[in-house]
Amino acid sequence: MADTSLSDSAPIEACLARVPLLDMGLRPFFLGAALWAILPMLLWLPYWMGVIDLPTAFAPLDWHVHEMLFGYASAALAGFLLTAVPSWTGEPPVRGGALLGLAAVWLLGRITVLTSEMLSPLVAAVIDVSFPLLLALWTAKACLSAGKKKNLVVALLVLLLAVASALHHAAPLGLGDLSEQARALALGIFALMIGLVGGRVTPNFTRNWLKSRNMIPLPPEFGRVDKGAMALLAATVAAWVLLPSDNAVTGLLALAAGILHLIRLSRWRGLATLSDPLMAVLHLGYLWLPIGLLLLGAAQLGWVPAAAASHALGGGAFAIMILGVMSRATLGHTGRPLKVGLGTMIMYALALASVILRVLAALIPELGIPVLHGAAGLWILAHLFFLAIYGPMLLKPRVDL
């Protein structure tokens, strides 16, 4: 009897490939990131305050951290990599049934983590960790197939993200509390991603933008300052993860890295791009990386609470850069001009106000719960704006086809 499995699946795959949502990786994952920025935040404060109970094996703070890092930020990272890596390597993108399967693994991870106390902490861990692991393997395969070995560092960082997720599952599994190390590793990985990828994309986009307007001088090419900034950042992350908390070595490294990344950013002519929100937001997002590093250094030296650094990095560098990249990539990859209106500028302003409030709440605990609610509300509004403006674009075919 002839094997009809391939022929039977071909029409289904062809059908799935024609669904706009499954046409490219940024579509389901940018939508998923925005939705998951909202739902856990709606649940988090009531859960933390004891108003509601959730069927998760994670402690309230750990669940919040886990879903922001391995739910929200990881989905945004997946959307970026699944779209950018084929451009870097020339390898075919993930689409159709394969993309649907990968998105399903991410979503199952969110559901099983949320219900892990009722379901099984082990099942939740296996499904949750498998998502960044699959993403890392795909990235490595694409880079190796194209002979782009330099880009393997990105695959390595995603693999370390899977390790961080696994470490964060240790406490629910009864294997010891490694949540502090897991949080430091995950925050450090995303900081390295911003330094590595954002540190290439932002000056390159700025250079092209300035050239198109005959504006000089241009941002310098990648050089010794950039290499030094990245080396110090890598050393800071390693010390943050491996050394005890409140450590002077980590603190001094973080302060030095923050200063050097400020110098790095100052060379990219961000002020010249203020007339273009899509350009300026990339510089704004990157600015929060050195701010977060300086606060991390201060926290490690005992000068400020550690939460200030975590939220400067997570709510500032990561979220503002994520919203900037998601809006820019959505416009470009759906065939629209790289121009934004008032709604997108409000979205950026809401995200900025949210992180400022959240960092202030950490620095000045006397401000109390209302400021936390305000920061959470602004965060939710920013991502609702993204869904309202860019959601329809992600769900529909390209406009230029």
Side-chain angles (χ1 to χ4, degrees), residues 73 77 80 84 88 150-151 153-154 156-157 184 187-211 215-240 249-274 276-301 308-325 328 348 351-352 355-356 359:
L77 176 62
F80 171 77
W88 299 344
K150 287 185 178 180
N151 290 335
V153 66
V154 176
L156 176 60
L157 289 176
L187 286 168
I189 289 164
F190 281 113
L192 286 165
M193 283 285 190
I194 288 178
L196 182 66
V197 181
R200 292 279 193 172
V201 166
T202 304
N204 286 346
F205 284 171
T206 304
R207 195 176 297 112
N208 294 336
W209 187 88
L210 292 171
K211 280 181 180 178
M215 296 171 67
I216 54 171
L218 301 176
E221 299 289 342
F222 189 90
R224 282 186 287 185
V225 171
D226 306 278
K227 291 176 182 178
M230 288 307 301
L232 267 177
L233 178 55
T236 300
V237 172
W240 191 13
V249 173
T250 307
L252 293 173
L253 281 171
L255 291 176
I259 292 169
L260 196 49
H261 277 273
L262 269 178
I263 294 170
R264 186 189 194 197
L265 174 64
S266 71
R267 302 160 76 237
W268 296 344
R269 299 206 60 203
L271 291 176
T273 69
L274 290 178
D276 186 341
L278 275 177
M279 284 303 315
V281 72
L282 298 180
H283 292 266
L284 176 63
Y286 200 95
L287 173 62
W288 278 95
L289 176 60
I291 291 173
L293 289 170
L294 291 172
L295 286 171
L296 174 61
Q300 291 290 315
L301 294 170
S310 297
H311 287 94
L313 290 171
F318 306 166
I320 292 175
M321 188 66 80
I322 283 170
L323 285 170
V325 169
R328 184 185 187 91
Y348 296 155
L352 177 61
V355 66
I356 290 173
V359 171

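- Note: Leu210 CG to Leu218 CG = 6.0 Å, rounded to the nearest 0.5 Å.
- Relative ring orientation between Phe318 and Phe190 is described as tilted, the plane-to-plane angle lying within the 30° to 60° band.
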Check against side chain to side chain contact (heavy atoms under 4.5 Å, CB included), Leu296 and Trp240: CA-CA 9 Å; Leu296 174 61; Trp240 191 13; 3.6 Å; yes
Stepwise side chain to side chain contact (heavy atoms under 4.5 Å, CB included) test for Leu157 and Leu196: CA-CA 10 Å; Leu157 289 176; Leu196 182 66; 4.2 Å; yes
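- Contact of the Leu295 side chain with the Trp288 side chain is not registered, since no non-hydrogen atoms from C-beta on lie closer than 4.5 Å.
- Nearest heavy atom pair, residue Pro219 against residue Thr206, reads CG-CG2, 3.9 Å.
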Side chain to side chain contact (heavy atoms under 4.5 Å, CB included) between Val237 and Ile189, intermediate numbers included: CA-CA 8 Å; Val237 172; Ile189 289 164; 5.8 Å; no
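- Note that CG of Leu265 and CG of Leu260 are 11.5 Å apart. Values are rounded to the nearest 0.5 Å.
- Across all their heavy atoms, Gly258 and Pro290 have their closest contact at O-CB, 3.3 Å.
- Below 30°, between 30° and 60°, or above 60°: for His283 and Trp268 the angle between ring planes is above 60°, a perpendicular geometry.
- In this structure, the side chains of Phe205 and Thr273 stay at 4.5 Å or more apart for every pair of heavy atoms.
- Considering only heavy atoms from C-beta on, Val325 stays 4.5 Å or farther from Val201 through its side chain.
- Closest non-hydrogen pair, Arg264 versus Ala229, comes out as CD-CB, 4.1 Å.
- A 4.5 Å side-chain heavy-atom check between Arg328 and Met279 finds at least one atom pair inside the cut-off.
- Between atom CG of residue Leu289 and atom CG of residue Leu294 there is a gap of 9.5 Å, rounded to the nearest 0.5 Å.
- To the nearest 0.5 Å, atoms CG (Leu252) and OG1 (Thr236) are separated by 10.0 Å.
- Evaluated for a salt bridge (Lys or Arg N to Asp or Glu O under 4.0 Å) with Glu221, the options Arg200, Lys227, Arg207 yield exactly one hit, Arg207.
- The two atoms that bring Gly292 and Ala312 nearest to each other are CA-CB, 3.7 Å, heavy atoms only.
- Residues Leu232 and Leu293 are not in side-chain contact: their nearest non-hydrogen atoms beyond the backbone lie 4.5 Å or more apart.
- We find the CG-NE2 distance between Leu187 and His311 to be 9.5 Å, quoted to the nearest 0.5 Å.
- Between the CD1 atom in Ile194 and the OH atom in Tyr286 there is a gap of 8.5 Å [rounded to 0.5 Å].
- Looking at every heavy atom in both residues, Val154 comes nearest to Met193 through O-CE, 3.7 Å.
- Residues Leu192 and Leu233 meet the side-chain proximity criterion, which asks for heavy atoms closer than 4.5 Å.
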Verdict with reasoning, Leu287 to Leu262, per side chain to side chain contact (heavy atoms under 4.5 Å, CB included): CA-CA 7 Å; Leu287 173 62; Leu262 269 178; 3.8 Å; yes
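- Shown here is Arg267, whose CZ atom has more than 12 heavy atoms of other residues, nucleotides or ligands within 6.0 Å.
- Among all heavy-atom pairs drawn from Leu352 and Val355, the shortest one is O-CG1, 3.1 Å.
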